[in-house]
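A short worksheet on the structure shown next.
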Amino acid sequence: MFKLKFRNRGLALMIVLGAFPAFFGGAQDVQKLSYAGSALWTKAQDIAVQGHLAYCVFQNGLIILDISDVKNPARLSQLYLGGGFALAVKDRLAFVAAGDKGLAVIDVTDPKSPLLKSTLKIEGEARDIVLSENHAFVAAGSAGLVVADVRNPSAPKLVGKWNSAGEALGLALRGDVLYLAAGSAGLQIVNIKDPAKPAPVGALDTDGTAEGIALAGNVAWIADGASGIKGIDIGNPSAPRLVATQPASGYAHSVSVEGRTLCAGNLYDGGFQIIDVSNPGAPAVASTNKYSMYNEAWKVLLKGNLVYVVDYFSGIFFMDISNAQQPQTAGSYFTPSSIVAAAAQDHFAYAVGELSGLQVLDIADPALPQSVGATEIFRGVQGLAVSGDYAYVTDRWSIRIFDIKTPAKPRFVRLFNTPGGVPRTIVVKGNYAYLTADLAGLHVIDIANPQSPKVVGTYPMPGFTYGLAVEGDYVYLAHSDTGLHILDVRNPAAPVHVGSLKLDGEPYGVAVRGNFAFVASGPAGLIIIDISHPEAPKIAASCPVEDFANAVVLDGDYAFVSDGNAGIKKISIARPAAPKFVAGFDTPGESQSIVLRGPWIFVADSNSLIVLK
């Protein structure tokens, strides 16, 4: 599945929590990891509107909104699918192009309780979808065009396939002719009169990357990536010809057209554009519009005087274009930009991400986390720790301290600028916060009075110090280049280097129990180190992972490893010298950190907070 990469931004965090309340009791199931719930969905992808309902696809699945009042859209339901790029709605069914999960068919008769009827695995990655009377046509990326018979929604079946040039990314359908935005291959035109045997009709290679497509009269409008918007005359489908080129305000990713108005959605802070196409050969920009901090208009949908802008990082915006020169925001549905770190305390979970603020969730029922509070958004988020009445969030410049005595109303109390380096991981023990910082090493901060913190000790280190664990008299540091470092912090004002061990991979996270340290070491997987003699640590064993081990937490005989794009790995460490893989769960995004609460596993997954059991 298409997933954003976060690791170069160093957004890894290791949190180990103990003293589980009774309501979290129960032993871990040693055989599997199962999806239990999720919250704080990010990465909106597509939208379809019918009446007062908006069907919205996220990389996690489907959300249905009541937009009777666009000023105050209300979420009616969400259905986790494990993937989601695009959708089409017909009758009482929603068909979701769900990435590497294939085609999902959902009964939306009751918008408050959508029901998954079936999932059809397909070759490739489902990126877009259009419907005819009896068939679903799926743009499957590098696998081309896939055709499914959906007359029986509970058991759709594959009936046809066409290997397009380029990547099949966007679709439009008119009668028996399908128009395909085929990435580097431009526009491909296919006859689907016999759906089981799609037949090429014509093609026109564009000079950009064709990602989105919309039809208006005899013109196909293409969102052509860095090359802007292309207008292609399709009056003769066997001989399409270029009639217009319009520069975009960013990377053109999507288009929607109605009458003489075209709306283009642009990435890389491009926002969206309103373009007059009454003369297709000479499109004229009416306005270029910025509406949020990121302005990543992943998808646009034009309906009457409203443009529905699906922003990859900020949510869904309802834009009134009655005045095309000066569109106004009529309403919005906020989503966090990312979720990269999490913590838990009592009945509450806390999560942070870039431009997401501090989010607070009630987890009295861990499978149904409920958002109850949030702060304003801010930039540069790196890590999070929660202790007592305070939450500590690190960004690229400082530590932000929030009062969480009333969890539903977190209150900002202090911005503390650290003396050197870019803050990374923070762990709170008693009256001290231990902080790693790029190019600076370790800072020890006295937080006896959290509203007046002060640095009392520093151990300088070059390079990137990511993971951090504090156990007894020692601090254990995961350094990306030089491996595991052990410091004696009995005197917090003067940390003393005791021992170190060079490791393969890229050490990112560390957890400690007894005589062993467990290091999440990037592509080298989980490395287990004997620290019975801190001055001379030695490797005891290792366990491979699929992608990039960036964090590890421990629970009984198990280590849970955050494995980047491969999700979560559960590894038996009953015998530290012989670790054994037990189970895995591939989360939709890129796993960044893990919090354990009894049998529940909370994963900051870049796209959301995922709950496993």
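A salt bridge links Arg151 to Asp149: one of the charged nitrogens lies within less than 4.0 Å of a carboxylate oxygen. A salt bridge is defined here as a Lys NZ or Arg NE, NH1 or NH2 lying under 4.0 Å from an Asp or Glu carboxylate O, and Glu167 with Arg127 fails to meet this definition. Ionic pairing of Lys303 and Glu258 is not present here: no N-O contact between side-chain nitrogen and carboxylate oxygen is shorter than 4.0 angstrom. With respect to the salt-bridge test (charged N to carboxylate O, under 4.0 angstrom), the residues Lys299 and Asp311 do not qualify.
The environment of CZ in Arg174 is crowded: more than 12 heavy-atom neighbours from other residues, nucleotides or ligands sit within 6.0 Å. Atom NZ of Lys197 has 12 or fewer neighbouring heavy atoms from other residues, nucleotides or ligands inside a 6.0 Å radius. In this structure, Lys121 places its NZ atom where more than 12 heavy-atom neighbours from other residues, nucleotides or ligands lie under 6.0 Å away.
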### Task
Quick one: do Ile316 and Val309 satisfy side-chain contact (heavy atoms from CB on, under 4.5 Å)? Show the steps, please.
CA-CA 6 Å; Ile316 299 167; Val309 180; over 6 Å; no

### Message
What verdict does the ring pair (Phe, Tyr, Trp, His ring centres under 6.0 Å) test give for Tyr508 and Phe548, after you've listed the backbone C-alpha separation in whole Å, the side-chain angles of each residue and the deciding distance to 0.1 Å?
### Response
CA-CA 9 Å; Tyr508 243 73; Phe548 191 96; 5.2 Å; yes

### Message
Before you tell me yes or no, could you show the steps for Asn550 and Ser562 under side chain to side chain donor-acceptor pair (under 3.5 Å), namely the whole-Å CA-CA distance, both residues' side-chain angles and the distance that decides it to 0.1 Å?
### Response
CA-CA 6 Å; Asn550 57 44; Ser562 172; 2.7 Å; yes

### Message
One pair to check against side-chain contact (heavy atoms from CB on, under 4.5 Å): Asp276 and Leu262. What are the steps and the verdict?
### Response
CA-CA 6 Å; Asp276 185 335; Leu262 180 143; over 6 Å; no

### Task
Please test Val603 against Leu612 for side-chain contact (heavy atoms from CB on, under 4.5 Å), starting from the C-alpha separation and ending with a verdict.
CA-CA 8 Å; Val603 183; Leu612 306 177; 4.2 Å; yes

### Task
I would like to know whether Ser593 and Val340 meet side-chain contact (heavy atoms from CB on, under 4.5 Å); could you show each step before the answer?
CA-CA 7 Å; Ser593 70; Val340 299; over 6 Å; no

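Closest approach of Val108 and Ala94 over heavy atoms only: CG1-CB, 4.0 Å. Taking all atoms of both residues into account, the shortest heavy-atom contact from Pro283 to Gly281 is CD-C, 3.6 Å. Nearest heavy atoms, Gly61 versus Trp41: C-CZ3, 3.6 Å. When all heavy atoms of Leu81 and Lys101 are compared, the closest pair comes out as O-CG, 3.8 Å. Across Gly208 and Asp224, no two heavy atoms sit closer than the pair N-OD2, 3.0 Å. Across Val277 and Gly259, no two heavy atoms sit closer than the pair CG2-O, 4.5 Å.
In this structure the side chain of Pro588 never reaches within 4.5 angstrom of the side chain of Ser608, judged on heavy atoms. Side-chain contact between Val146 and Leu158 is present, with heavy atoms from C-beta onward closer than 4.5 Å. Contact check for Val49 versus Ile67: side-chain heavy atoms found under the 4.5 Å cut-off. At a threshold of 4.5 Å between non-hydrogen side-chain atoms, the residues Ile222 and Val255 do not count as touching. Proximity of Ile189 to Val177: side-chain heavy atoms (C-beta onward) are separated by under 4.5 Å at one or more points. Ile122 is listed as a side-chain neighbour of Val138, based on a closest heavy-atom distance under 4.5 Å. Under the 4.5 Å side-chain criterion, counting only non-hydrogen atoms from C-beta, Pro200 is in contact with Trp162. In this structure the side chain of Lys570 never reaches within 4.5 angstrom of the side chain of Lys32, judged on heavy atoms.
Here the straight-line distance linking atom CD1 of Ile106 with atom OG1 of Thr119 works out to 8.0 Å at 0.5 Å rounding. Here the OG1 atom belonging to Thr245 is positioned 10.0 Å from the CD1 atom belonging to Ile229, to the nearest 0.5 angstrom. We find the OG1-CD distance between Thr587 and Gln592 to be 9.5 Å, quoted to the nearest 0.5 Å. Atom SG of Cys263 is separated from atom CD1 of Ile274 by 4.0 Å, given to the nearest 0.5 angstrom. In this structure, the separation between OG on Ser164 and CG on Leu145 is 7.5 Å, given to the nearest 0.5 Å. Remark: Ile64 CD1 to Asp66 CG distance equals 11.0 Å, nearest 0.5 Å.
Side chain of Thr335 to backbone of Gly315: a donor-acceptor contact under 3.5 angstrom is found. Within the 3.5 Å criterion, the main-chain N or O of Asn60 finds no donor-acceptor partner in the side chain of Gln78. Side-chain atoms of Ser254 never come within 3.5 Å of backbone atoms of Gly212 as a donor-acceptor pair (strictly under, hydrogens ignored). Under a 3.5 Å cut-off, the side chain of Ser606 and the backbone N or O of Glu590 do form a donor-acceptor pair. Remark: the backbone N or O of Val150 is not paired with any side-chain donor or acceptor of Lys157 at under 3.5 angstrom. Ser337 places no side-chain N or O within donor-acceptor distance of the main-chain N or O of Leu355, the cut-off being under 3.5 Å. A side-chain donor-acceptor contact under 3.5 Å links Ser338 to the backbone of Glu354. No donor-acceptor pair under 3.5 Å is formed between the side chain of Asn191 and the backbone N or O of Ala199. Looking only at distances, no side-chain donor or acceptor of Asn218 sits under 3.5 Å from a matching main-chain atom of Ile234. The closest donor-acceptor contact from the side chain of Asp547 to the backbone of Asn565 lies under 3.5 Å.
Just one residue in the list Tyr251, Tyr312, Phe272, Phe85 forms a ring pair (Phe, Tyr, Trp, His ring centres under 6.0 Å) with Trp298, and that residue is Tyr312. Test Tyr291, Phe334, Tyr308 against Phe317 for ring pair (Phe, Tyr, Trp, His ring centres under 6.0 Å) and you get one pass: Tyr291.
A donor-acceptor contact closer than 3.5 angstrom links the side chains of Asn295 and Asp269. Between the side chains of Tyr179 and Gln188, no donor-acceptor pair of N or O atoms lies under 3.5 Å. Counted by atom type alone, Asp320 and Gln328 present zero donor-acceptor pairs between their side chains at under 3.5 Å. For Gln273 and Asn266, the side-chain atoms include at least one donor-acceptor pair closer than 3.5 Å. If you check the side chains of Asp207 and Ser227, you find a donor sitting under 3.5 Å from an acceptor.
Using a 30° and 60° split on the angle between ring planes, Phe58 and Tyr333 fall in the perpendicular class, above 60°.
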